[in-house]
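Here is how names work: the chains are called A, B, and so on, in the same order as the sequence lines, proteins then strands, and each is numbered from 1. These values consider heavy atoms only, across backbone and side chains, with no hydrogens, waters or symmetry-generated copies.
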Amino acid sequence: MEVNWLIILDFIPQLLKGAQVTVHITVVGLLGGVVVGAIAGLMRAYGNAVINAIAFTYIEVIRGTPIVVQVMFLYFALPVLASIRIDPMTTAILAIIINAGAYIAEIVRGAVLSISKGLTEAGLAIGLPRWKVIRYIVGPLAFRRLIPPLGNQFIVSLKDTSLFIVIGVGELTRTGQEIMAANFRAVEIWTAVAVMYLIMTGLLSLMLRMVEKRMRIL
Amino acid sequence: MTEPIIEFRNVSKHFGALKVLDEVDLQIHRGEVVVLVGPSGSGKSTLLRCINGLEKITGGDLIVNGMSVLGGNKVMREIRQEAGMVFQQFNLFPQMTALENVAFGPREVRGLSRKDARDLARELLAKVGLADKANHEPMELSGGQQQRVAIARALAIKPRVMLFDEPTSALDPELKQEVLNVMRALAAEGMTMVVVTHEMGFAKQVGTRLIFMEHGKIAVDGTPRDVIDNPPNDRMKDFLQHV
């Protein structure tokens, strides 16, 4: 079969629909992941022994197992264990939340701990409650250091959505696979899929760089 | 004499197996300028940091302005509003201007309005001689200027006692004086002060009392001039020769 790039044009609407699903999972998943990660990270940085151990266990379990296994567990094992059946799309979003949350927790913890302890002490010493020290002093400083590693994680999570192919979510990779199965245009289709991922990750990088630029890094 | 404003009652502090403060008894009264000296590891900074709860005591009791440091978080916050602290490394909030650094406490802790807090901050910056630096960020100020802002920040919450933890140790010799001058003025106003320092000149001139610490205990407690000119023991004599 000869390579015919023009054939891609026919499948662009279909691929865009797949990309849309990818973006949807990524955005919702990462929003949740940031919330979970912030909570778990703060638990690690500020919690007592018990709270710390809970967050630590979550982070280690997730970081220590492949995301595919986590997805399989959510989709196939959870119904057996707890009679909870969730649809593939929800599973996908949940998997990103849980997975990204663990990595973001470590990013948050690292950023918080990188802020000089003296600043926390200075805040406490003027009689501020700890939450205000975190909210007004450590938080804003840590946030700036958070952006670069957070950007990395966003890109990783975006690409991780491609493995939801295993539970049949119609995201971009799955869409490519389906088109390919029908016409065997491997070169054209996988090139198009790759380019679409590049565009998405490129836009994400660009957005993060803009956020970074708008903030003075201290 | 009236009630002491700070009272250590048999206070101990352990870091794990290490005993940093060993059953310390100490009373500090209003208007005193207590200078704490001693070799590194003698417990002088720890003693100071126990007063505002940055270190938790592990034995005995410590009363500040009638409140025990063991009284829980809320009481601790009240104690901290009575005992301002100045740190060796200044620790100014880098994301805020000098003015915002000083105005932050009054606003968030004392509940002053934005305008009142800024007026107070401006007044205090003028007092430490930095009225013209109000809108500068900490990074744009010299070490001595940063430390003076830090003093203004601590004063802004209207404390009854000021705690100084080696306030000039991180400064070049020329910059030390501008900070010491501010502290001198503060002492002249009658502020109660506890100062960990190696500045013997300051101790002699401004201090009303000098405490020499060793191995977590108060080894010498006397009038600065007396104990500096005639050290009561060899250990302190030896120490004074090295500062």
Discussion item. If I take atom OG1 from residue Thr120(A) and atom CG from residue Leu128(A), how far apart are they, to the nearest 0.5 angstrom?
Written reply: 10.5 Å
Worksheet item: What is the distance from atom CG of Leu70(B) to atom CD1 of Ile57(B), rounded to the nearest 0.5 Å?
Response: 4.5 Å
Item to complete: Mark yes or no for whether Gln147(B), through its side chain, and Phe87(B), through its backbone, hold a donor-acceptor pair below 3.5 Å.
Response: yes
Worksheet item: To the nearest 0.5 Å, how far apart are SG in Cys50(B) and CZ in Phe8(B)?
Response: 6.0 Å
Worksheet item: Which residue pairs pass the salt bridge (charged side-chain N to carboxylate O under 4.0 Å, His left out) test with at least one member in residues 41-53 of chain A, sequence neighbours excluded?
Response: Arg44(A)-Glu106(A)
Worksheet item: Which bit of Ala83(B) is near chain A, if near means a heavy-atom gap under 4.5 Å: side chain, backbone, both or neither?
Response: backbone
Worksheet entry | Residue, of Ile79(B), Leu92(B), Leu163(B), Asn91(B), that accumulates the most heavy atom pairs under 4.5 Å with chain A | Asn91(B)
Worksheet item: Quick one: which residues of residues 99-112 of chain B reach chain A at under 4.5 angstrom, heavy atoms only?
Response: Phe104(B), Gly105(B), Glu108(B), Val109(B)
Discussion item. Quick check for you: to the nearest 0.5 Å, what is the distance between Lys132(A) atom NZ and Arg77(B) atom CZ?
Written reply: 9.0 Å
Worksheet item: Should the pair Arg174(A)-Glu178(A) be classified as a salt bridge under the 4.0 Å nitrogen-to-oxygen rule?
Response: yes
Worksheet item: What residue in Pro140(A), Gly127(A), Gly123(A) has the most heavy-atom pairs under 4.5 Å with chain B?
Response: Gly127(A)
